[in-house]
Amino acid sequence: MSQTAVAADRVVSCKITTGKTQVYNGPCLFMPEPGGSFSLSNTNRQGPLFDDVGVLSVFIIAKGTAEVRGLTSSGNNSRWGEARRSSKDRACWEGADFSICAR
């Protein structure tokens, strides 16, 4: 497989927390992108993943560091902020007031 090849989308288990509130815990569609970045959406690509967020994107900006953004159903691209890969659980990314786990 070439370095530019990206694996296929797949359904994974997601857990998303904002503040101290778990906003989503269940299946989601994991859409891998080059360089380790990925996006998460509703498994059937219809409707929001949770609340008004349709797609949550984790863009790798440096080793172990990502920029996280949420795209709302009305088309607003909101910046969640920087996240670091968890040293305790490599499937998780932790920001100042959020965490995203996809396994």
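Throughout, residue positions are numbered sequentially from 1 according to the sequence presented.
With a 4.5 Å cut-off on side-chain heavy atoms, L29 and L40 do not count as touching. The shortest side-chain heavy-atom distance between V68 and I100 falls under the 4.5 Å cut-off. Residues C28 and N42 form no side-chain contact, since every pair of their non-hydrogen atoms from C-beta on lies 4.5 Å or further apart. In this structure the side chain of V23 never reaches within 4.5 angstrom of the side chain of T17, judged on heavy atoms. Under the 4.5 Å side-chain criterion, counting only non-hydrogen atoms from C-beta, S99 is not in contact with I16. Counting heavy atoms from C-beta on, the side chains of V58 and S37 never come closer than 4.5 Å.
Between the side chain of D97 and the backbone N or O of G19 there is no donor-acceptor pair closer than 3.5 Å. Between the D51 side chain and the V53 main chain, no donor and acceptor come within less than 3.5 Å of each other. Not a single donor-acceptor pair under 3.5 Å links the side chain of S41 to the backbone N or O of R45.
Under the 3.5 Å distance criterion, with hydrogens and angles disregarded, a donor-acceptor pair is assigned to the side chains of R84 and T65. Between the side chains of E33 and S39, at least one donor N or O lies within less than 3.5 Å of an accepting N or O.
In plain terms, the two heavy atoms of N25 and K15 that are nearest each other are OD1-CB, 4.1 Å. Residues G70 and L56 come closest through the heavy atom pair CA-CD1, 4.0 Å.
In this view, R10 satisfies the side-chain hydrogen bond (donor to acceptor under 3.5 Å, both in side chains) rule with no residue, not counting sequence neighbours.
For the cysteines C92 and C101, the sulfur (SG) atoms lie within a distance shorter than 2.5 angstrom of each other.
In this structure, W80 and F98 have perpendicular ring planes: the angle between them is above 60°, well past the 30° mark.
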(request) Would you sort out whether C14 and Y24 count as a side-chain contact (heavy atoms from CB on, under 4.5 Å), showing the intermediate values? (result) CA-CA 7 Å; C14 290; Y24 186 78; 4.2 Å; yes
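At a threshold of 4.5 Å between side-chain heavy atoms, the hydrophobic network of Ile, Leu, Val, Met, Phe, Trp and Tyr places W93 and M31 in two separate groups.
The OG atom of S57 lies 9.5 Å from the CZ atom of R69; values are rounded to the nearest 0.5 Å. One distance of note links CG of L49 with CG of L71; it measures 11.5 Å at 0.5 Å rounding.
Look at E67 and R79 and you find a salt bridge, because one of the NZ, NE, NH1 or NH2 atoms lies within 4.0 Å of a carboxylate O, short of that distance.
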